[in-house]
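Structure first, commentary second.
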Amino acid sequence: MDSRIRLSGITRQSVVDGLGFRYVVFAQGCPHGCKGCHNPSTHTFEGGELKAIDNILQEIRKDSMLDGITCSGGECFEQAEQFAYLAKSVKDMGLNVWAYTGYTFEEIMQSKEERKGWGEFIRYIDVLVDGRYEEDNRDLSLSFRGSTNQRLIDMQKTLSTGKLSLVAI
Ligand code: SF4
């Protein structure tokens, strides 16, 4: 695995990308092409910057205010091995992990054996916000998501019970 991750940016302290104080890592590269996407500059897989994951972890470790990290995009499942390593290391620090993806939960479960790192990455995610952004279903009143098709999934409960479990926020 490459010890670097291709990112479009980092927000070091956010309160809008999940519950609590969060370090947000934005992946560069997204294949979904959602109409009305707010971050079209994150779509190309050649752009952004390659960052050493261990340097990111060092920064996270130094900030005692953080509740967790959020893996956002772009599409973080296109670099799932790197995000799995980042997420596992963050969980080892006692922090929680949120992840945004344009894939649906069902698509991820269907392909988790074939796609590199997918099966591992989901094991370390606490809250998965899934599904493409659908402009026609945009709803500004929703917490932490843009359109009504997207769900906040309690991944740990879902994986342990085998039944899709949503987070009520
Ligand atoms: S998944 Fe996210 S980054 Fe990718 S096109 Fe859709 S809204 Fe944009």
Side-chain angles (χ1 to χ4, degrees), residues 2 4-51 53 56 60 68-87 90 96-155 158-159 164-167 169:
D2 195 337
R4 296 168 308 165
I5 193 164
R6 186 173 289 278
L7 300 183
S8 59
I10 289 173
T11 299
R12 287 174 175 80
Q13 288 187 338
S14 166
V15 291
V16 296
D17 298 280
L19 286 177
F21 243 51
R22 318 198 63 80
Y23 188 101
V24 189
V25 182
F26 294 92
Q28 177 70 36
C30 179
H32 301 300
C34 308
K35 191 173 150 228
C37 171
H38 291 190
N39 301 307
S41 62
T42 65
H43 295 181
T44 169
F45 286 88
E46 272 83 50
E49 226 182 301
L50 280 169
K51 299 263 191 198
I53 302 171
I56 295 172
I60 295 169
I69 68 159
T70 299
C71 307
S72 190
E75 175 54 66
C76 42
F77 276 80
E78 297 302 323
Q79 299 180 78
E81 281 183 295
Q82 287 90 331
F83 273 102
Y85 172 71
L86 180 67
V90 163
N96 62 55
V97 174
W98 283 47
Y100 283 78
T101 177
Y103 293 106
T104 61
F105 167 76
E106 290 77 9
E107 286 170 331
I108 291 169
M109 295 312 273
Q110 233 166 49
S111 302
K112 69 179 167 49
E113 310 300 335
E114 299 100 66
R115 296 292 304 263
K116 259 193 190 162
W118 282 25
E120 207 195 346
F121 185 25
I122 57 173
R123 281 179 25 215
Y124 304 116
I125 296 171
D126 294 293
V127 178
L128 181 76
V129 188
D130 82 325
R132 292 155 188 81
Y133 171 62
E134 294 179 357
E135 202 173 33
D136 294 344
N137 293 318
R138 177 173 182 238
D139 183 345
L140 290 174
S141 70
L142 295 169
S143 305
F144 306 124
R145 56 207 196 276
S147 53
T148 52
N149 61 299
Q150 296 170 323
R151 299 168 290 187
L152 300 177
I153 298 171
D154 182 333
M155 276 310 285
T158 296
L159 291 177
L164 185 72
S165 177
L166 301 181
V167 180
I169 297 175

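First listed ligand is number 1; within each ligand, the first listed atom is number 1. Remember, predicted model here, so these are calculated numbers, not experimental data. Residue numbers run from 1 in the order of the sequence given.
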**Asked** Numbering the atoms of ligand 1 from 1, which are under 4.0 Å from a heavy atom of H43?
**Response** 5 (S), 8 (Fe)

**Item:** Salt bridge present between R132 and E134 (N-O < 4.0 angstrom)
**Value:** no

**Asked** Does the ring centre of Y103 sit less than 6.0 Å away from the ring centre of H32?
**Response** yes

**Request:** Quick one: which residue pairs count as a salt bridge (charged side-chain N to carboxylate O under 4.0 Å, His left out) with a foot in residues 10-35, not counting sequence neighbours?
**Result:** R12-E59, K35-E135

**Message:** List the residues meeting salt bridge (charged side-chain N to carboxylate O under 4.0 Å, His left out) with R115, not counting sequence neighbours, and say none if there are none.
**Reply:** E78

**Asked** Is H38 in contact with ligand 1, taking contact as a heavy-atom separation below 4.0 Å?
**Response** no

**Message:** Here's a test for you: under side-chain contact (heavy atoms from CB on, under 4.5 Å), which of V90, T11, I56 qualifies with Y23?
**Reply:** I56

**Message:** For atom 3 (S) of ligand 1, what is the closest protein heavy atom, and at what distance to 0.1 Å?
**Reply:** G74 N, 3.6 Å

**Results of side-chain hydrogen bond (donor to acceptor under 3.5 Å, both in side chains) for E81 - residues two or more places apart only** = none

**Request:** Output, by chain and residue number, all protein N/O/S atoms separated from atom 6 (Fe) of ligand 1 by less than 2.8 Å.
**Result:** C34 SG

**Complete:** Nearest heavy-atom approach of W118 to S111 is CZ3-CB, 3.7 Å

